[in-house]
Amino acid sequence: MSGTAANIARIEGAGKIDRTRPLAFTFNGRKLQGYAGDTLASALLANGIHLVARSFKYHRPRGMLTAGNEEPNALVQLERGPYTEPNLRATEIELYEGLDASSVNCFPNVQFDLRAINGLASSILVAGFYNKTFMWPKGFWKKVYEPALRAAAGLGVAPDSPDPDTYDRMHWHCDVLVVGAGPAGLSASLQAGRRGVRTVIVEEAPEAGGSLLQRPATIDGVAGTEWASKAFAELDAMPNVLFLCRTSVFGYYDHNYLMAVEHRTDHLGPGRSPGVARKRLWHFRAKRVVLATGAHERPIVFGNNDLPGIVLANAACTYATRYGVSLGKCGVAFVNNDHGFALALETQAVARNIAMIIDPRPDPDDALVKRAAALGVRVLCNSVIATAHGWNRVSSVDICPTRGTGLARLECDHVLVSGGLNPAVHLYSQAPGKLRYDANLACFLPDQCIQTVEVAGALNARFSLDSALEDGALAGKRTLHTLGQAVDAGAPAEAKDELHILPVWSVQAQLGLKLPGKHFVDYQNDVTEADILLASREGFRSVEHTKRYTTTGMATDQGKTSNVIGLAILAASLGKPIPEVGTTTFRPPFTPVTFGAIAGRDRGSLSDPVRTTPMHAWHVDNGAVFEDVGQWKRPWYFPKPGEDLHAAVARETKALRTTAGVMDATTLGKIDIQGADAAEFLNRVYTNAWTKLAVGSCRYGVMCRPDGMVMDDGVTARLADDRFLMTTTTGNAARVLDWLEEWLQTEWPELEVYCTTVTEQWATTAVVGPNARKILKALAPDMDFSNAAFPFMTFREGVVAGLAARVFRISFNGELSYEINVPSWHGLALWRAVIEAGKPHGLTPYGTETMHVARAEKGYIIIGQETDGTVTPQDVGLEWAVSKQKDFIGKRSFSRSDTARAGRKQLVGLLPQDKAFVAPEGSHLVASPERSTFDPRLGSPSIGHITSSYYSPNLESAFALALIANGRAMHGKTVYCSQGSGLKPMTVTDPVFIDKEGKRRDGID
Amino acid sequence: MLQIDCPWCGMREEMEFSYGGQAHVAYPKDPHAVSDEDWAQYLFMRDNPKGLFLERWVHSQGCRRWFNVERHTVTHEITAVYKPGEPPPAAKP
Amino acid sequence: MQRFSFANLVRNSLSGHAHWKPFWRDAAPKQKYDAIIVGGGGHGLATAYYLAKNHGITNVAVLEKGWIGGGNTGRNTTIIRSNYLWNESGALYEHSLKLWEGLNEDLNINLMFSQRGVINLAHNQADVRESIRRVEANRLNGIDGEWLTPEQVKEFCPIIDISRTARYPVLGATLQRRGGTARHDTVAWGFARAADNLGVDIIQNCEVTGILREGGRVTGVRTTRGTIMAEKIGVVAAGHTSVVAAMADIRLPLQSHPLQALVSEPIKPIHPCVVMSNAVHVYLSQSDKGELVIGAGIDTFNSYSQRGSFHVIEHQMAALIELFPIFSRVRMLRTWGGIVDVCPDASPIVSKTPVKGLFLNCGWGTGGFKATPGSGWVFAHTIATGEPHPLNAAFALDRFSSGALIDEHGAAAVAH
Amino acid sequence: MTASTDRVSPLENWTARFAAASATPVQFSIREVAFATHINLRVDAAAFGAKVRAVLGCDLPVVANTWTTGGECSAIWLGPDEWLVVAPDGRNESFCADLRTALSGVHHAVTDLSANRTMLEIAGSDARVALAKGCPLDLHGSAFKPPQSAQSLLAKSQVLLQCVDANPVIRVFVRNSFAAYVAEWLLDAAAELAASRNLDTPRIANRLA
Ligand SMILES: Cc1cc2nc3c(=O)[nH]c(=O)nc-3n(C[C@H](O)[C@H](O)[C@H](O)COP(=O)(O)OP(=O)(O)OC[C@H]3O[C@@H](n4cnc5c(N)ncnc54)[C@H](O)[C@@H]3O)c2cc1C
Ligand SMILES: NC(=O)c1ccc[n+]([C@@H]2O[C@H](COP(=O)([O-])OP(=O)(O)OC[C@H]3O[C@@H](n4cnc5c(N)ncnc54)[C@H](O)[C@@H]3O)[C@@H](O)[C@H]2O)c1
Ligand SMILES: Cc1cc2nc3c(=O)[nH]c(=O)nc-3n(C[C@H](O)[C@H](O)[C@H](O)COP(=O)(O)O)c2cc1C
Ligand SMILES: [Zn+2]
């Protein structure tokens, strides 16, 4: 296939495409060709393809309406397999070699779509129809109606495999951020750039120029495009300027924080830039912002205004001047303003295919009319297009005078429409800035904003090139001025450009006639003028209600071409002025943003830090199975070949009570508390008293929230008179430190206390069990481990395995137990030495599961397992640790009526009558088999739940801890675990199962 | 996405801070002397104005200092930043 | 009331739908009502409906400062379930779920209530424990609930990544099959239509600016549309409750925060149920129209602006893509925020107040859409009789003094 | 029974990957600087800075987010009454003891954190860009230069950054358990910059210089 033959609609010599670089691509399976510089849309049009999509509801044939990001119709599925991407706009896709796209939401194909049958039922499928039906028979909704509705919905398809691409993120600070590199944005940027301030210019298009790329212009004696490339070159060469093209600012957040997404490799085709992140999410923090985002042209509503071949005037001009594409042989333009009029003429100048301009105004600008004559274009004033006709493409239009009747049919193969301009106020409005309606220009304009932002160019209703340039420069100067630069900001120019617009929102309404065909407002969601009028009739009179009832503006284009028309039609139906109806809310993103780009580099192993201890490598080498505790990976158990969790834990637990076990306890939080008031501070945060704790000794402490509920616990050692080392639970380490700081800094600044986290300074190895002392002796021959010299709840400093260490004699399992702390860089070496030294003594490494079993055998609680934020120290049997004398955080709450109530849930032990029955943790308990199910009159039969449950090889029985109502009074009673298959009787016991007298912790000297 | 002027570190991004709720909620002098209702006032009841609000922040990823902020809860504009112990802006002469 | 049915729809299509009546009358305020409801969200409208329907009190006005349903009712991710932990919550939410199951017929409107099943994922041992605790509590409260193994999760929702090496491995999930979603806006409109039909005045663009009191009881409200008298006033203003309560000098344990949500562009059906993960903050369903509806996190600071910070959404997306890698190339279409009124125990307040005749229904925070009918039901009872319904007795204001909080952080989290 | 007294740093096994990532032609280098003396010091510097100086030979910087150097030490500002003193390996015990003695009777806290963190040193013109991918600070050469330091976030880890040379050489202090994450993250960032060398990396790096 030869390039020229295929590109039947190319205009010889026109456009900025590179005709030396033909590109092959595929659309709906057809092999086609375009050129470098084309978009998919322009290449399709060059190949004479107008019908590219089907609409959402009625599956009507659709073609390109626009040439930019506001496109409602031309959605395609780009590429296949893992690279496939749904719902992309053909008007935004830069063509590359091998591109493969297809139409979305049509079956079997876009030419002939069976679902177009919906169009026949369109008189029923009006706005909100589904609210009124599908209710009968009742069961049908779930089984029949809903699945059918859902199957019909949706546009493109999501990939079915993970994304092969990567994404990136960047934080950037600047003095001035300019959004939009059209004439206004460029001239603002030149001001800022030349002054040397840190400037960023962000432009969505592949190159600078904005509207200069879309229509012929001359600036300073050179072509507009040349001026733009020069401006770009100058700015891009400045070290203080970052110029980003292919980057769309999509959100304007607080304090001048703007988000943008840069499309870095899409234009190269998938998989062609290995290692390069496909998109980059930019986080901008700008001192000042200049918005120069231009304006979107909007259509006019007339009959069948959605037929392929009917395009915006700006789009037609762009296709002709930028891409050298003619939209047909015989076009007519329907414009109601000078701007659109001019665009039609500019199109004619290049494409030579515009036969007539139809204008409802009596008096279009004289100069324009003369130019039309010179270009051979007929001008028909006081007229409108009433209805378009055609099958898959417009073939004729009915023309009607604005006053009087009588339709004249005019053959044509495309139609240019311009119903006025909508300044692109999206970002401004997000800022949030207030808008104001300008009746002369028939558009909403930026008015006031709480952030420091300037607007310029078409966004600021400077619609002509000269005034856009001037306005941009002024905005630049004003910005510099507010940054403290010695720049004369000048007075803001008063005069706005005239558009000479005669607002025609809907031809039907204008003429006061009912016209044939469908009159579309929102193309993608198939919302017609009739739908809006229906909504208004049914009471949906707030613009927000109308939006939601009809779905106007809720499609993937977010109503860039439709919203203002919709609200104007609503206003007319209510007899209200447009500003009284107002706009709906503009929300981020300005254009859709890929989820992957937002997730950025937070994927896989980088999605969340995995924290490990210095001994981690040993655990991995020795087959540990890990458990996630917050971000930490902790060994859960160490299975031997063939062992499952239960077998391994049974072995580990047994070892710990009969020989010895070793555990990595590094993850426990450690806080070094220093200062003259350290003891007083602990008195206030812990429920028990600290003043009398001797140096060298340790004590268990519980801390509560002010509401009296247990927050954390741990053992704290007194290192010196004015120095304590507090330990916290692994999961709460950071929270407790923050908590301490909060009280110190905000409530008790008078206390002389400093807290420093030392969690990671120390690696902690716990050696536990009857043989622990022997192992320690072997490791630290110079230390005295006798009970007398080194009693329970004390610590000693010494040399262990040749390393300086702190050894704590504390126990979370009732056994003789030593926790050896060494600087973390020695952690692995110490661990290895302990393992070596333990070999003759049956030392067995164990994980968190065994730790849990062993502590539960002793009735020790775990924060977050026995407690859940609703449990007081008294509830879990810790009243012995609650001081009656002093005050502490939370104490006051204990006397509240519910907190002081008898019969609260209390911690108990449970022994199943079937010793093999390990109740699932979380199971509930009932008091009797008679009342074990839900009774609507009495409610739930639950008296509490099981917090911990294990099999204990030491007890040779399963056992559990539970919180049950009035539990302490129930020792000896039978309760029933209500679980899955039935009720299992369990005996309520004291929560301490092993060694109630506490003899084991001293071991044998 | 707020930008907060830490009284020590200067302008930093919201991500570096943690929020601490209403400022100047005084801990009762003698908690045991107040009624359950008044204790509930201290524990749970908070001002929640639509407009200027005195609130606490901590520069948790930075200097770890707590401080107070006056911020508008609709516009999010920050109108004052001051250290603990300093009087709120309205109270300043 | 003009009945909604297929036959009626077809009949109206013949006349070009020219004869449909408004869903509700655009009422102008009268001088006096028997009861005033402040706030035209789902809860307020449901309250008015049940006041009229269950208690025969029809001289009622719903005062809405903007447009009805424009608050959180119109901006939530529409997840409906009743599998809360504590008995009090279970009973209240389950009552609501039962009402949902007959609401289309009751209101004669299709609320698109879709019982597609809600799963809550467990990612670590602690989650597993808490999940089982909740499922079992639900079962004993007569609420359906199941525990799913990872393989069963995969079967129920095939697109989820359950590999054990995932950063957030799926160790199982709870499933409530009767849970699902509904069309949020239609809920407000449906209640409005039904309440209006029973005589309730729905008054929009009417902001309450003051609460009139005499001798410790309410006598009426000042509004932007004049003073309106009533001896019973129910405040159902969600995020704005503190502001309204302050008009009667009441301080509440509420903080208002922005909660964000977002939708993707519509895609063909791919996601069969509702998936929630408290641990990684993912809440995801696919709407009838094809968008993925995703709840993001709550902004930590107090705010009355219906927008939040973007880093909340970034965090959200990262978690989502870890669980659902195939969504990486789907695109975010729109984000928005609502103002949620968060209570310290993540449970609502439906209560009398120290001011006679003034009642509060608030604190639903991030999860009250599901409760809309149930909340209206019990609040109507409370207003009509002056005493709480048994289902909301525990949700009174005095629990903050007594300490009898109903801590649903586990089951609610940033929940929906 | 004695253990090896060789110390293990959190990133001990990363040397080869660091070297590979630092090989030309990239404008980025990374290495771990393990085993130094790190002391967290809290005291009122205005009143007692001289006592500290007498021990360390170094002034405590009073300007927020800066560092000073003197004698064998450098002192990095962490908070209005908090510093990280960095000194050659092995000086931890003596400095801690001497500081305690010098400050006895004065409200202070001296905490040896030498094994608490490790330090990554990154350099080269891409270093700022690599950090900017995950750090919300203004890292522009005019805004972050010696003697500046800052505590902030790098992706999801808390870090302390110290700019030791404008060229730049930047030290990233990170807690042990986050070190692997931060290292992986930095290598990933650098690899992306290297892969994008022909696209935009130099342009962006220039704009941050
Ligand atoms: C993003 C998001 C996601 C959520 N997801 C879920 C979910 O998945 N499932 C779930 O169950 N819940 C969810 N929720 C919570 C749920 O939306 C709310 O709990 C529920 O909708 C509250 O209903 P309401 O009627 O009380 O409040 P609203 O709908 O907010 O109604 C309150 C009304 O009071 C009006 N008002 C306020 N002040 C005044 C005044 N002075 N005068 C007159 N009128 C006034 C407001 O304008 C508003 O219309 C979510 C919330 C948000 C924001
Ligand atoms: N729709 C039209 O074609 C139209 C309408 C009025 C005026 N004009 C012409 O436009 C000129 C006015 O210049 P101008 O500079 O104000 O507008 P412009 O349209 O020339 O430039 C705006 C630029 O901003 C970019 N942009 C918009 N939103 C963006 C975002 N969110 N992120 C990144 N980039 C974004 C666009 O891609 C475009 O390049 C005049 O010459 C006038 O003749 C054109
Ligand atoms: C469940 C649900 C689905 C939504 N789907 C869409 C949608 O498909 N398209 C859209 O533009 N907005 C959608 N929205 C968002 C609304 O447009 C709107 O943003 C939201 O109701 C908040 O209102 P506001 O943005 O006007 O403040 C949806 C909202 C909800 C709650
Ligand atoms: Zn700070």
Side-chain angles (χ1 to χ4, degrees), chain A residues 85-87 123-124 126 129-135 146 149-150 153-160 162-163 251 253 259 534 537-539 542 544-545 548 556 587-589 592-596 598-599 602 607-608 627-628 869-870 896-899 920-924 934 939-942 945, chain C residues 4-6 9-10 13 17 20 22-24 67 70 87 91 104 109-110 114-115 124-126 129 132-133 136-137 140-142 167 185-186 265-270 288-290 309-310 313-314 317-318 321-322 325-336 401-404 407 409-410:
Chain A
E85 219 174 343
N87 308 344
S123 64
I124 295 175
V126 291
F129 75 97
Y130 39 81
N131 294 149
K132 297 184 173 132
T133 181
F134 303 131
M135 285 177 278
E146 193 188 13
L149 273 183
R150 279 184 182 265
L155 297 167
V157 295
D160 56 10
D163 191 341
Y253 292 88
M259 297 293 312
L534 173 64
R537 209 176 304 134
E538 294 196 82
S542 152
E544 298 287 3
H545 277 149
R548 286 159 176 80
T556 66
R587 292 281 191 185
V593 184
T594 311
F595 283 5
I598 302 170
D602 296 346
S607 65
D608 200 14
E627 164 182 38
D628 285 341
T870 70
R896 297 174 306 173
S897 60
D898 187 74
T899 323
E921 289 172 348
S923 302
H924 284 247
F934 177 67
S940 169
S942 168
H945 77 286
Chain C
F4 288 164
S5 67
F6 185 67
L9 186 61
V10 173
S13 73
H17 298 278
W20 288 113
F23 275 43
W24 61 90
W67 38 286
N87 297 344
N104 277 0
I109 193 166
N110 188 347
S114 173
Q115 292 183 290
N124 55 45
Q125 300 304 325
R129 210 157 33 228
I132 292 176
R133 177 180 176 196
E136 291 296 313
L140 295 177
N141 269 313
R167 181 64 187 87
D185 295 324
T186 314
E265 297 184 314
I267 49 176
K268 285 291 170 204
I270 184 159
D288 283 319
K289 258 176 62 208
S309 297
F310 192 72
I313 289 178
E314 285 180 284
M317 278 299 155
I321 301 297
E322 278 302 291
I326 65 165
F327 289 148
S328 173
R329 294 174 92 86
V330 172
R331 299 196 296 173
M332 173 172 92
L333 172 61
R334 186 173 173 100
T335 63
W336 66 92
S401 317
S402 72
D407 191 325
H409 281 106

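All values below come from the heavy atoms of this structure, side chains included, with hydrogens, waters and symmetry mates left out. Residue numbers begin at 1 in each chain, while the letters A, B, ... track the order of the sequences.
- Contacts of D608(A) with chain C are made by both backbone and side-chain atoms, with heavy-atom separations under 4.5 Å.
- Comparing R167(C), E136(C), E322(C) by how many heavy-atom pairs each has under 4.5 Å with chain A, the most go to R167(C).
- Comparing P325(C), S114(C), G70(C), A126(C) by heavy-atom pairs within less than 4.5 Å of chain A, the highest count is held by S114(C).
- Closest heavy-atom contact between W67(C) and S542(A): CG-OG, 3.7 Å.
- Ranking Q125(C), K289(C), R129(C) against chain A, the residue ahead of the rest is R129(C), based on heavy-atom pairs under 4.5 Å.
- Of the atoms belonging to N124(C), it is side-chain heavy atoms, and not backbone ones, that fall under 4.5 Å from chain A.
- S402(C) contributes no side-chain N or O that, together with a main-chain N or O of D898(A), makes up a donor-acceptor pair within less than 3.5 Å.
- By number of non-hydrogen pairs under 4.5 angstrom with chain C, the leading residue of L149(A), D628(A), N87(A) is N87(A).
- With respect to chain C, the highest number of heavy-atom pairs below 4.5 Å among L155(A), T899(A), D602(A) belongs to L155(A).
- Nearest approach of E265(C) to P592(A), heavy atoms of both residues: OE2-CG, 3.1 Å.
- Side-chain N or O atoms of N110(C) include one that pairs as donor or acceptor with a backbone N or O of T133(A) at under 3.5 Å.
- Contact detail for H924(A) and R133(C): the closest heavy-atom pair is NE2-O, 2.9 Å.
- Within the model, atoms CZ of F6(C) and CZ of F129(A) stand 10.0 Å from one another, a figure rounded to the nearest 0.5 Å.
- The most heavy-atom pairs under 4.5 Å with chain A, out of I326(C), L9(C), I132(C), come from I326(C).
- Note on ring orientation: taking the six-membered ring where Trp is involved, the planes of F310(C) and Y253(A) are tilted (angle from 30° to 60°).
- No other option in R896(A), E544(A), E921(A), R150(A) has as many heavy-atom pairs under 4.5 Å with chain C as R150(A).
- Residue contact with chain A, scored on non-hydrogen atoms closer than 4.5 Å, involves the backbone and the side chain of I109(C) alike.
- Closest approach of W20(C) to R537(A), counting heavy atoms only: O-CG, 4.0 Å.
- With a threshold of 4.5 angstrom between heavy atoms, I124(A) approaches chain C through its backbone and through its side chain.
- Checked by atom type and distance alone, the side chain of R331(C) never pairs as donor or acceptor with a backbone atom of T556(A) at under 3.5 Å.
- In this structure, OG1 on T594(A) lies 10.5 Å from CE on M317(C), to the nearest 0.5 angstrom.
- Here the side chain of K268(C) pairs no donor or acceptor atom with the backbone of V157(A) at under 3.5 angstrom.
- Interface remark: T186(C) contributes side-chain atoms only to the contact with chain A (heavy atom separation under 4.5 Å).
- With a 4.5 Å cut-off on non-hydrogen atoms, M259(A) touches chain C through its side chain but not through its backbone.
- Among residues two or more places apart in sequence or in another chain, the side-chain hydrogen bond (donor to acceptor under 3.5 Å, both in side chains) test is passed with E538(A) by K132(A), Y549(A).
- Your options are S5(C), S401(C), A137(C), and the one with the most heavy-atom pairs under 4.5 Å with chain A is A137(C).
- Between G539(A) and W24(C), the shortest heavy-atom contact is O-CZ2, 3.9 Å.
- Nearest heavy-atom pair across P941(A) and L140(C) is CD-O, 3.3 Å.
- Listed options P266(C), G290(C), P269(C) were ranked by heavy-atom pairs under 4.5 angstrom with chain A; first place goes to P266(C).
- For the set S123(A), P589(A), G251(A), P86(A), the count of heavy-atom pairs under 4.5 angstrom toward chain C peaks at P589(A).
- Interface residue S607(A): backbone and side-chain heavy atoms are both found under 4.5 Å from chain C.
- Residue N87(C) touches chain A through its side chain alone, counting heavy-atom pairs closer than 4.5 Å.
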Pair H545(A)-F23(C), side-chain contact (heavy atoms from CB on, under 4.5 Å): steps then yes or no: CA-CA 12 Å; H545(A) 277 149; F23(C) 275 43; over 6 Å; no
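- Of the two parts of A91(C), neither the backbone nor the side chain holds a non-hydrogen atom closer than 4.5 Å to a non-hydrogen atom of chain A.
- With a 4.5 angstrom heavy-atom cutoff, D288(C) touches chain A via backbone and side-chain atoms both.
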